[in-house]
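Presented below is the structure to which this report refers.
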Amino acid sequence: QLQLVESGGGLVQPGGSLRLSCTASGFTSDYYAIGWFRQAPGKGREGVSCISRYGGITDYAEVVQGRFRISRDNAKNTTYLEMHSLKPEDTGIYYCAAQTRSRYLCSRLGDFYDYWGQGTQVTVSS
């Protein structure tokens, strides 16, 4: 079974930066499409970004465009989400998710994904 573990969350001030990591174990000889999602208190799940199996396709929610960057290091089985110029509205639990079926696509829709991590808390506050 594929396991995903997020790390890198924490408390930062507005305008600060964080880098989240999503590390996969199990089936590590293969590559997977990865999505990053977040959920703020009292709100639904939001698709933040995604990256295709080999990194050729990326997508971002408009609200993070230009501030967040997704990348992956397949040799380390790790996908990163660099977050800059953080705002209080970026606060939430951030989840990564993996899909093993698509070679060339990614999606910011949760139903696309087969495996989910447990999440890491990001809090942006003064």
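Everything numeric here is computed off the predicted structure, so don't read it as measured data. Below, each value reflects all heavy atoms present in this structure, side chains not excepted, and no hydrogens, waters or symmetry copies.
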Query raised in the report: Within the side chain of Tyr60, is there an N or O that forms a donor-acceptor pair under 3.5 Å with the backbone of Arg67?
Result: no

Requested in this report: Answer yes if the side chains of Thr23 and Thr78 hold a donor-acceptor pair under 3.5 Å, and no otherwise.
Outcome: yes

Report task. Mind checking the OG-CG spacing from Ser126 to Leu11? Nearest 0.5 Å is all I need. Result -> 9.5 Å

Query raised in the report: Hey, quick one: are Val48 and Tyr95 part of the same hydrophobic cluster, counting side-chain heavy atoms closer than 4.5 Å, chains of contacts allowed?
Result: no

Report task. Would you name the heavy atoms of Phe112 and Arg101 that are closest together and state the gap between them? Result -> O-NH2, 3.3 Å

**Report entry** Nearest non-hydrogen partners of Lys87 and Val124, listed with the distance
**Finding:** O-CB, 3.3 Å

Query - Residue pair Ala61 / Glu46: nearest heavy atoms and the distance that separates them - result: CB-OE2, 4.5 Å

Query raised in the report: For Val64, which of His84, Arg69, Arg38 qualifies under side-chain contact (heavy atoms from CB on, under 4.5 Å)?
Result: Arg38

Query raised in the report: How far apart are the closest heavy atoms of Tyr115 and Thr100, and which atoms are they?
Result: CE1-CG2, 4.0 Å

Report summary line: Nearest heavy-atom approach of Ile34 to Cys96 is CG2-CB, 4.5 Å

**Report entry** Heavy-atom pair of closest approach, residues Ser52 and Gly56
**Finding:** OG-N, 3.1 Å

Requested in this report: Please work out which of the three classes, parallel, tilted or perpendicular, describes the rings of Phe37 and Trp116, given edges at 30° and 60°.
Outcome: tilted

Query - Note: Arg19-Glu82 ion pair, threshold 4.0 Å (strictly below) - result: no

Requested in this report: Check whether any side-chain N or O of Arg72 sits under 3.5 Å from a backbone N or O of Thr79 as a donor-acceptor pair, and report yes or no.
Outcome: no

Query raised in the report: If Ile, Leu, Val, Met, Phe, Trp and Tyr residues are connected whenever their side-chain heavy atoms lie under 4.5 Å apart, and connections chain through other members, are Leu18 and Ile93 in the same group?
Result: no

**Report entry** Spacing of CG belonging to Asp73 relative to OG belonging to Ser21, to within rounding of 0.5 Å
**Finding:** 10.0 Å

Query raised in the report: Ring centroid separation for Phe68 and Trp36, is it under 6.0 angstrom?
Result: no

